[in-house]
Structures are given as structure tokens and as C-alpha cells.
Amino acid sequence: MTADLFDGLELAGPTREQLAPGAVLLRGFARPQEAELITAIETIAAQAPFRRMVTPGGHQMSVAMTSCGACGWVTDRSGYRYDAVDPDSGQPWPAMPPLFHQLAEVAASEAGFAGFAPDACLINRYEPGARMSLHQDRDERDIGAPIVSVSLGLPATFLFGGLKRTDRTQRYRLVHGDVVVWGGPARLAFHGVAPLADGEHARLGRRRINLTFRRAR
Ligand code: SIN
Ligand code: FE2
């Protein structure tokens with residue numbers, strides 16, 4: 001088979017990979033919306049700028065974050081929580097653009113979780129070297145709803161493990177446009193992101209942006 005034919009197959013549509021029961025990687029799923037997603041992220045960040053928050057243990061995160069939706073995720077010396085107000089501005093977080101909501105709902109449904117209605121979207125910005133250590137997403141009130149994660153910009157190595165911190169993790173390369181959905185039996189799976197390798201992305205430069213949609217309240 002020629003390389004051209006492989007390219008054609010790649011373009012034929014998103015492919016799906018099962019990471020674990022309840023966890024699916026939808027390759028290229030957000031690709032058709034890339035331009036609108038990036039524009040919307042810029043608009044949100046103009047209102048609620050990316051910031052590197054401090055964990056309850058006093059460490060400054062390497063990932064810079066902001067949020068949109070009815071509530072946003074914040075961390076400071078007093079703990080982790082969802083808050084309707086951006087602590088930096090004292091204002092509500094920017095609204096979640098309909099495009100974000102639709103993308104998350106369709107991706108969740110594609111992964112077997114129909115009716116997903118996210119009320120929070122965390123926006124993570126990774127620069128070279130930034131990482132996210134292994135953790136569970138457990139600050140959401142409704143863990144019956146899945147997590148939908150959209151990757152944009154530089155490729156990253158995503159670590160996906162089991163329900164125990166010590167469970168073996170698998171490594172997946174996530175590139176621009178890839179979407180991962182985990183819920184049901186995988187909802188509390190440990191996951192993280194290895195230190196971002198340097199590079200230059202055609203649209204986002206030396207950055208990776210990740211959106212995670214959650215039903216927080
Ligand atoms: C997260 O776990 O909140 C972020 C995952 C990612 O950046 O891919
Ligand atoms: Fe997470």
C-alpha cells in the first residue's frame with residue numbers, strides 16, 4: 001500500500017480506540033471545528049486570562065488554566081473546588097460557547113454517553129515542560145456524567161491508568177483535534193500528562209491547549 005493511500009484512509013474520518021471499558025479515544029474528532037475552537041478560546045482568555053494556580057500543598061502548577069461555563073475549577077491554599085466566580089476578577093466565568101457544548105455532547109454520545117450536558121469547561125495551557133501529574137477527576141458532584149477532553153496544538157503523551165494510583169498506566173499520543181471520553185467504569189481512572197515536548201504547531205505555536213468538559217454541579 002502506498003503512503004498516499006494511507007493518507008486517504010486517515011482523512012476518511014475519525015477512528016476510535018478503546019482505552020479501557022468506558023474510555024474511548026476519538027482520533028481527529030474536533031478537527032473540523034479547530035478554527036472556531038481557537039477563536040473562542042482567545043475570546044474566553046481575554047476575559048478570564050490563563051493563570052498558574054497554587055495547589056493546597058503550596059506548589060505552583062506548571063499548567064496555566066482558565067475556565068468557562070456556569071462554574072470553573074480553582075485551586076489555592078485552601079483546597080480544590082468549583083466556583084461560579086473567577087477569583088482573579090470577581091466576575092462570573094465567561095459563558096460556555098454553544099459550539100463547545102455541542103462538541104462535548106456529540107463526542108460523549110459517540111462514546112456511549114448520551115445526554116451529556118456539561119456545565120464547566122476547564123481550559124489548560126501547556127508550554128514545553130509543563131505536565132499534569134497522575135490524578136482522578138473527583139471534584140465533580142455528578143460522577144454519573146463522563147469527562148470529555150479535547151486536545152489542540154502540540155502533541156502530548158497522555159497517561160491513562162486504572163482506579164488505583166498504583167495501577168499500570170498506558171501511554172497515548174494525543175494530537176491536535178483528538179478527543180478522549182471517559183465515564184462509567186472508567187470515570188475515576190487515574191490519568192495525567194507527561195512533560196510537554198518542545199515543538200511548533202502551525203496554529204498554536206509552542207503550546208498545547210486542552211479543554212475538559214465536566215458536569216460539576
Ligand atoms: C486533565 O486531566 O484535566 C487534563 C488532561 C489533559 O490535559 O489532557
Ligand atoms: Fe483530569
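All ligand and atom numbering here is 1-based and tracks the order in the structure.
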By number and element, which atoms of ligand 1 are closer than 4.0 Å to a non-hydrogen atom of R214?
3 (O)
For salt bridge (Lys or Arg N to Asp or Glu O under 4.0 Å), just list the numbers for E34 and R203, CA-CA rounded to whole Å, side-chain angles, deciding distance to a tenth of an Å, and then say yes or no.
CA-CA 9 Å; E34 59 178 348; R203 294 197 176 255; 3.5 Å; yes
Return the orientation label for the F160 and W182 ring planes: parallel under 30°, perpendicular over 60°, tilted otherwise.
perpendicular
Of R207, H176, H201, which meets side-chain contact (heavy atoms from CB on, under 4.5 Å) against L154?
H201
Taking only non-hydrogen atoms of R125, do any sit less than 4.0 angstrom from ligand 1?
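No; R125 lies far enough from ligand 1 that no heavy-atom distance drops under 4.0 Å.
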In the protein, which heavy atom is nearest to atom 4 (C) of ligand 1, and how far is it?
N124 ND2, 3.4 Å
Closest protein heavy atom to atom 5 (C) of ligand 1, given as residue, atom name and distance to 0.1 Å:
N210 OD1, 3.8 Å
Taking atom CG as the centre, does L19 end up with more than 12 heavy-atom neighbours from other residues, nucleotides or ligands that are less than 6.0 angstrom away?
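More than 12 within 6.0 Å, yes.
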Hey, looking at atom 7 (O) of ligand 1, which of W73, Y126, W182 has the closest heavy atom?
Y126
Considering H191, M132, R208, M65 one by one, which has a heavy atom nearer to atom 8 (O) of ligand 1 than any of the others?
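Looking at heavy atoms only, the winner is R208.
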When you measure from the Fe ion (ligand 2) to each N, O or S atom of [X], which atom gives the shortest distance?
{"X": "D137", "answer": "OD1"}
{"X": "H135", "answer": "NE2"}
{"X": "H191", "answer": "NE2"}

Does I123 offer a backbone N or O that forms a donor-acceptor pair with the side chain of T66 under 3.5 Å?
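No, because the side chain of T66 does not come within donor-acceptor range (under 3.5 Å) of the backbone of I123.
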Is the charged tip of R165 near the ring of F190: under 6.0 Å from the six-membered ring centre and within 45° of its axis?
no
What distance separates L37 CG from F100 CZ, expressed to the nearest 0.5 Å?
5.5 Å
